[in-house]
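As structure tokens, the structure follows; a few thoughts come after it.
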2 protein chains.
Amino acid sequence: MSQTVDRALSILPLLAQGPADLGQVAARLDVHKSTALRLLRTLHEHGLVYRQQDQRYRLGARLFALAQEAVESLDVREIAHPHLVSLGEQCGHTVHLAVIEDSEVLYIDKVESRYPVRMYSRIGKPVAVTVAAVAKLLIADLSEAERRALAERLDFPMYTPRSIPNAAAFLKELATVREQGWATDLGGHEESINCIGAPIRGTDGRVVAAMSVSAPNVVVTADELLALLPLLRRTADAISREYSGNAHQPAPVAVPAPAPPAPPVLQKEIS
Amino acid sequence: MSQTVDRALSILPLLAQGPADLGQVAARLDVHKSTALRLLRTLHEHGLVYRQQDQRYRLGARLFALAQEAVESLDVREIAHPHLVSLGEQCGHTVHLAVIEDSEVLYIDKVESRYPVRMYSRIGKPVAVTVAAVAKLLIADLSEAERRALAERLDFPMYTPRSIPNAAAFLKELATVREQGWATDLGGHEESINCIGAPIRGTDGRVVAAMSVSAPNVVVTADELLALLPLLRRTADAISREYSGNAHQPAPVAVPAPAPPAPPVLQKEIS
DNA sequence: GATCCCGTTGCAACATGTGCAACACCCATT
DNA sequence: AATGGGTGTTGCACATGTTGCAACGGGATC
């Protein structure tokens, strides 16, 4: 809608692939160098891009800070987190929390018992939307029209022989999920990994998030994992209740918005 | 430099504080509603903002994905990570890796032994630049002019009585750090927490990153922590060597840039 | 059913962003 | 040293894209 902004924002995914110099950016955007320069300067002023010593541009630090603040102000996540931790301790497997946004599903929290390292690398990554248990739950809650439209639009990559192969099968699976109120992914993404998932609902009953427990079948069989369903669903329901309980905000103060209440400091800095 | 882009980007930090509706955004930007609408639409198309059910705008998912890709393509981080893990295992304390960008210092990796939970919440957060050991190291490597300019510009919040109080003391500390090649923060940020840090250098000898070991003094005294300095410095030097070793890239293919080599897939998706 | 509030659209006036060409700079080459 | 190709950078005139307005629509609330 706005050409200038559109061009400027197109630079970001471009730089996400790796550093680029002015000429490369201009070429990819198909604009004059001077134009690219001005756009990059503006992005730079806002800290979204950074210029390294060799003069090439990279994505900048502010991006992290923004992503941080965004994820921390998600109220579902705040509420769900202790429950995820508790569930993780009880069953010992990986626990995920995910939300849907437009047509993308993404993890917003994770608790992992055995491999603490590199945990953060998963948060924010787009989810394999055709097979993941959490994705099925979130999409199953859309209107029928939206589900159909989305199914038509999707690719159905065969990660494994058990991946959902096409739109028809996907819609059928969604119907099942919708009816039973929980979902699975039995080796549909990684041959050796099974997942079970349950929805978290808001006051109006709509699904606002989904959570799952994942485990490799060398540790527990699919059946053993399914035995955890009641525990998982109890946890999800507890989160739903707590989420529906609190009013989301104590009501904004005024329209000119004199700075909304700063998110509470949850953790202190260490140097 | 570009008014339109400038306005559009100003929306992001605004939304980072919490969701806002069209009117609020327009008011804060001091532009007409229709203008704000067009900007928000453009941001939305690029996935940087998301419109929730109540029509209010939030920061969007693409932001996470971008931040992810950015941090994963930092070559220092790739190289340093296994060393950080190894150091963490040896000493049992928290290990950080940080870089400087313009005048901001930020953590890009972290290994923590005892509290695996919420690890990701730290990555990307701006560092307390006047007291953190890693910040001292990174700033100490700037030119004298840059150091002076930065010192003048900074605030010196007294987190604790041992925080560095003013520009003069800061510059003095930087001189010391510069000379000795390592840095400390003994209770300057959190009364009970001590840190030691060491620089990671590129081929040209300039500091490209800094790492630190942090521990609360209820676990180890400052002296005991300082005893880890040789180990820390050996690790930092090993990273420096490895980093200087590899050419950063096998050379880009051409100017029209037919997609730079995709970052290697490091971890598979789970549902 | 009337009134308010908010998001949305089309349009004309104008400010803004644009491409060009020239300049400045760095570094390889000769 | 001097040349040449490769960058990034600046000033400027043109016109394109952006702006604010006013009017419309749709959903709540009274």
Side-chain angles (χ1 to χ4, degrees), chain A residues 1-12 14-15 18-46 48-58 60 102 143 203-204 206 247-249 251-257 260, chain B residues 1-11 14-15 18-46 49-58 60 102 143 203-204 206 247-249 251-257 260:
Chain A
M1 287 261 112
S2 169
Q3 191 188 63
T4 318
V5 178
D6 185 55
R7 284 173 170 169
L9 297 183
S10 303
I11 294 177
L12 298 179
L14 192 158
L15 291 185
D21 63 25
L22 179 61
Q24 293 170 335
V25 172
R28 292 261 203 120
L29 289 187
D30 199 32
V31 296
H32 198 271
K33 280 189 306 177
S34 59
T35 305
L37 178 66
R38 276 184 292 257
L39 297 177
L40 282 164
R41 276 227 259 260
T42 312
L43 289 168
H44 179 86
E45 276 174 22
H46 286 258
L48 297 185
V49 309
Y50 170 63
R51 196 158 198 193
Q52 33 187 35
Q53 286 102 342
D54 62 354
Q55 303 243 80
R56 294 190 307 168
Y57 293 92
R58 288 211 109 284
D102 289 319
S143 73
T203 13
D204 52 0
R206 295 217 45 189
H248 295 197
Q249 262 106 3
V253 196
V255 177
Chain B
M1 286 261 114
S2 167
Q3 191 189 63
T4 319
V5 178
D6 185 55
R7 285 173 170 169
L9 297 182
S10 303
I11 294 177
L14 192 158
L15 291 184
D21 63 24
L22 180 61
Q24 293 171 334
V25 172
R28 292 260 204 121
L29 289 187
D30 198 33
V31 296
H32 198 269
K33 280 188 305 177
S34 59
T35 305
L37 178 66
R38 277 183 293 257
L39 297 176
L40 282 164
R41 275 227 259 261
T42 311
L43 289 168
H44 179 87
E45 275 173 23
H46 286 259
V49 310
Y50 169 63
R51 194 157 198 194
Q52 36 187 32
Q53 285 101 344
D54 63 353
Q55 305 241 80
R56 294 190 307 168
Y57 294 91
R58 284 212 112 284
D102 287 321
S143 71
T203 14
D204 53 0
R206 295 216 46 189
H248 296 198
Q249 263 107 2
V253 196
V255 176

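We name chains A, B, ... by the order of the sequence lines, and we start the count at 1 in each one.
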Salt-bridge criterion met for B:D204 and B:R206 (N-O under 4.0 Å) = no
Could you grab the distance from atom CZ of B:R38 to atom CG of A:D6, nearest 0.5 Å is fine?
-> 14.5 Å
Just how far is it from atom CZ of A:R7 to atom CG of A:D30, taken to the nearest 0.5 Å?
->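 Rounded to the nearest 0.5 Å, the CZ-CG separation comes out at 8.5 Å.
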Think [X] has a side-chain N or O under 4.0 angstrom from the OP1 or OP2 of [N]?
X	N	result
B:T35	D:dG20	yes
B:R41	C:dT9	yes
B:R38	C:dT9	no

Quickly work out the [X] [atom1] to [N] [atom2] distance and round it to whole Å.
X	N	atom1	atom2	value
B:D54	D:dG27	CG	P	16 Å
A:H44	D:dG8	NE2	P	15 Å
B:L29	D:dT19	CG	P	10 Å
A:L40	C:dG17	CG	C1'	15 Å
A:L43	C:dG17	CG	P	13 Å
B:L39	C:dT8	CG	P	13 Å

Nearest-nucleotide wise, let me know which of A:H32 and B:V31 is further upstream toward the 5' end of DNA chain D.
->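 By nearest-heavy-atom nucleotide position, the 5'-most residue is A:H32.
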Which sits closer to the 5' end of DNA chain D, A:Q55 or A:M1, going by the nucleotide each is nearest to?
->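 With A:Q55 and A:M1 compared, the 5'-side residue is A:Q55.
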Spell out, as yes or no, whether a donor-acceptor pair under 3.5 Å connects the side chain of B:E45 to the backbone of B:T42.
->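 Such a contact is absent between B:E45 side chain and B:T42 backbone.
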Give the nucleotide from the list [options] with an atom nearest to the side chain of [X].
X	options	answer
A:L37	C:dG19, D:dT10, C:dG10	D:dT10
A:Q3	D:dT18, C:dC20, C:dG7	D:dT18
B:D21	C:dG7, C:dT9, C:dT18	C:dG7
A:T4	D:dT19, D:dG17, D:dT10	D:dG17
A:L22	D:dG20, D:dT9, C:dT18	D:dT9

Considering only heavy atoms and no angle criterion, is a donor-acceptor pair shorter than 3.5 Å present between the side chain of B:S34 and the base of D:dG20?
-> yes
Heavy-atom donor-acceptor pair, A:K33 side-chain to C:dG19 base, under 3.5 Å |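 No, no donor-acceptor pair under 3.5 Å.
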Out of A:L39, A:T35, A:I11, which one pairs with A:V25 under the side chain to side chain contact (heavy atoms under 4.5 Å, CB included) rule?
->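 That would be A:I11.
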